[in-house]
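When a residue number appears, it is its place in the shown sequence, counting from 1. Treat the numbers as computed from the prediction; the structure is a model and nothing was measured. When reading the values below, keep in mind they use all heavy atoms of this one structure, side chains included, and skip hydrogens, waters and symmetry mates.
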Amino acid sequence: MLLYLVRNKAMENNSTKDSPGVIAPPPLIFLSGVLLGGLIQWFLPFRIFPVEISFYLRIVGIILIVIGFGIVYIAHAKMKRAKTNIEPWKPTHSIITDGIYSFSRNPVYLAMIFMYFGMILIVNSVWILSLIALVLLVMHFGVILREERYLEKKFGEEYLKYKNAVRRWI
């Protein structure tokens, strides 16, 4: 992550920068919450639900993760067809407003939330659950707001119309 931040800072100094300047890759932000919560859980176990229902929790968790990956796949395919980048640290070439993007401006981040909650259920950890607020704050201020400013600046009225028509999440 440190290498990414250093590289990103160097890119900010480049006058030809065409990216929102997110603080870290979103999957890394979500994964950090899961890993930190999992590490705390390892040393200080604190379950949300009784152990007796762990099997069912894991099934629901796996389903949430599969749904999340499905959403990411659909969103990625849509971006590939539009010839734009899915990585938020690379330039955006077009605004996608149809398909899954007609329901949410951030379907990939919504998918990551599904996957995060899937991991909460699989690990059955209060600690991973407790970190979701921090993860979402970092996503909001370090990624989403930066992306929105970038898209408003780059696409102007086209993005503002889309932003007014489609919710950020669902």
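Atom OG of Ser32 is separated from atom CG of Leu134 by 9.5 Å, given to the nearest 0.5 angstrom. Note that CD1 of Ile122 is 11.5 Å distant from OG of Ser54, once rounded to the nearest 0.5 Å. Of the inter-residue distances, the one linking Phe103 atom CZ with Leu110 atom CG reads 12.0 Å to the nearest 0.5 angstrom. With values rounded to the nearest 0.5 angstrom, Lys163 atom NZ is found 3.5 Å from Glu152 atom CD. Taking CG from Leu121 and CD1 from Ile63, the interatomic distance works out to 10.5 Å, rounded to the nearest 0.5 Å. In this structure, CZ on Phe114 lies 11.5 Å from CZ on Phe30, to the nearest 0.5 angstrom.
Taking all atoms of both residues into account, the shortest heavy-atom contact from Met139 to Ile29 is SD-CD1, 3.8 Å. Between Lys90 and Pro20 the shortest heavy-atom distance is O-CD, 4.4 Å. The two atoms that bring Trp127 and Pro45 nearest to each other are NE1-C, 4.4 Å, heavy atoms only. Pairing each heavy atom of Val72 with each of Ala111, the nearest pair is CG2-CB, 3.6 Å. For Tyr150 against Asp18, the heavy-atom pair with the smallest separation is OH-OD1, 2.7 Å. Considering all non-hydrogen atoms of both residues, Ala75 and Tyr101 come closest at CB-OH, 3.4 Å.
Side-chain heavy atoms closer than 4.5 Å link hydrophobic residues (I, L, V, M, F, W, Y) into clusters, and following such links, possibly through other members, connects Ile65 to Ile59. A continuous path of Ile, Leu, Val, Met, Phe, Trp and Tyr side chains, each step under 4.5 Å between heavy atoms, connects Val66 with Met119, placing both in one hydrophobic cluster. Hydrophobic clustering of Ile, Leu, Val, Met, Phe, Trp and Tyr side chains at less than 4.5 Å, counting indirect connections, keeps Leu28 apart from Phe141. Under the 4.5 Å side-chain heavy-atom criterion for ILVMFWY residues, no single connected hydrophobic cluster contains both Val135 and Leu31. There is no path of hydrophobic side-chain contacts, each under 4.5 Å, that joins Phe55 to Val51.
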Run the side chain to side chain contact (heavy atoms under 4.5 Å, CB included) check on Ile113 and Trp169 step by step: do they pass? CA-CA 11 Å; Ile113 292 171; Trp169 296 105; 3.7 Å; yes
For Ile128 and Tyr116, run side chain to side chain contact (heavy atoms under 4.5 Å, CB included): C-alpha distance rounded to whole Å, both residues' side-chain angles, the deciding distance at 0.1 Å, then the answer. CA-CA 9 Å; Ile128 298 173; Tyr116 193 97; 3.7 Å; yes
For Ile100 and Ile71, run side chain to side chain contact (heavy atoms under 4.5 Å, CB included): C-alpha distance rounded to whole Å, both residues' side-chain angles, the deciding distance at 0.1 Å, then the answer. CA-CA 8 Å; Ile100 198 164; Ile71 293 169; 3.6 Å; yes
So Met79 and Glu87, side chain to side chain contact (heavy atoms under 4.5 Å, CB included) or not? Walk me through it. CA-CA 10 Å; Met79 290 184 137; Glu87 303 91 348; over 6 Å; no
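Side-chain contact between Leu151 and Tyr162 is absent, with no heavy atoms from C-beta onward closer than 4.5 Å. Within the 4.5 Å cutoff, no side-chain heavy atoms of Phe117 are placed close to those of Val60. Put simply, the side chain of Pro88 does not reach to within 4.5 Å of the side chain of Ser19, judged on heavy atoms. Within the 4.5 Å cutoff, the side chain of Thr97 has no heavy atoms near those of the Val166 side chain. Between Arg47 and Val126 the shortest side-chain heavy-atom distance does not fall below 4.5 Å. Residues Met115 and Leu64 fail the side-chain proximity criterion, which asks for heavy atoms closer than 4.5 Å. Within the 4.5 Å cutoff, side-chain heavy atoms of Asn85 are placed close to those of Pro91.
At least one donor-acceptor pair under 3.5 Å links the side chain of Arg146 to the backbone N or O of Gly21.
Pairs engaging residues 103-114 under the side-chain hydrogen bond (donor to acceptor under 3.5 Å, both in side chains) rule: Arg105-Glu148, Tyr109-Glu147 [sequence neighbours left out]. Applying the side-chain hydrogen bond (donor to acceptor under 3.5 Å, both in side chains) test to residues at least two apart or on different chains, the pairs with a partner in residues 55-80 are Lys78-Asp98.
Around CG of Leu44, the count of heavy atoms belonging to other residues, nucleotides or ligands within 6.0 Å exceeds 12.
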Listed pairs under 3.5 Å, donor-acceptor, residues 35-42 side chains, sequence neighbours left out:
residue: Gln41; atom: OE1; partner: Phe46; partner atom: N; Å: 3.3
residue: Gln41; atom: OE1; partner: Ser125; partner atom: OG; Å: 2.9

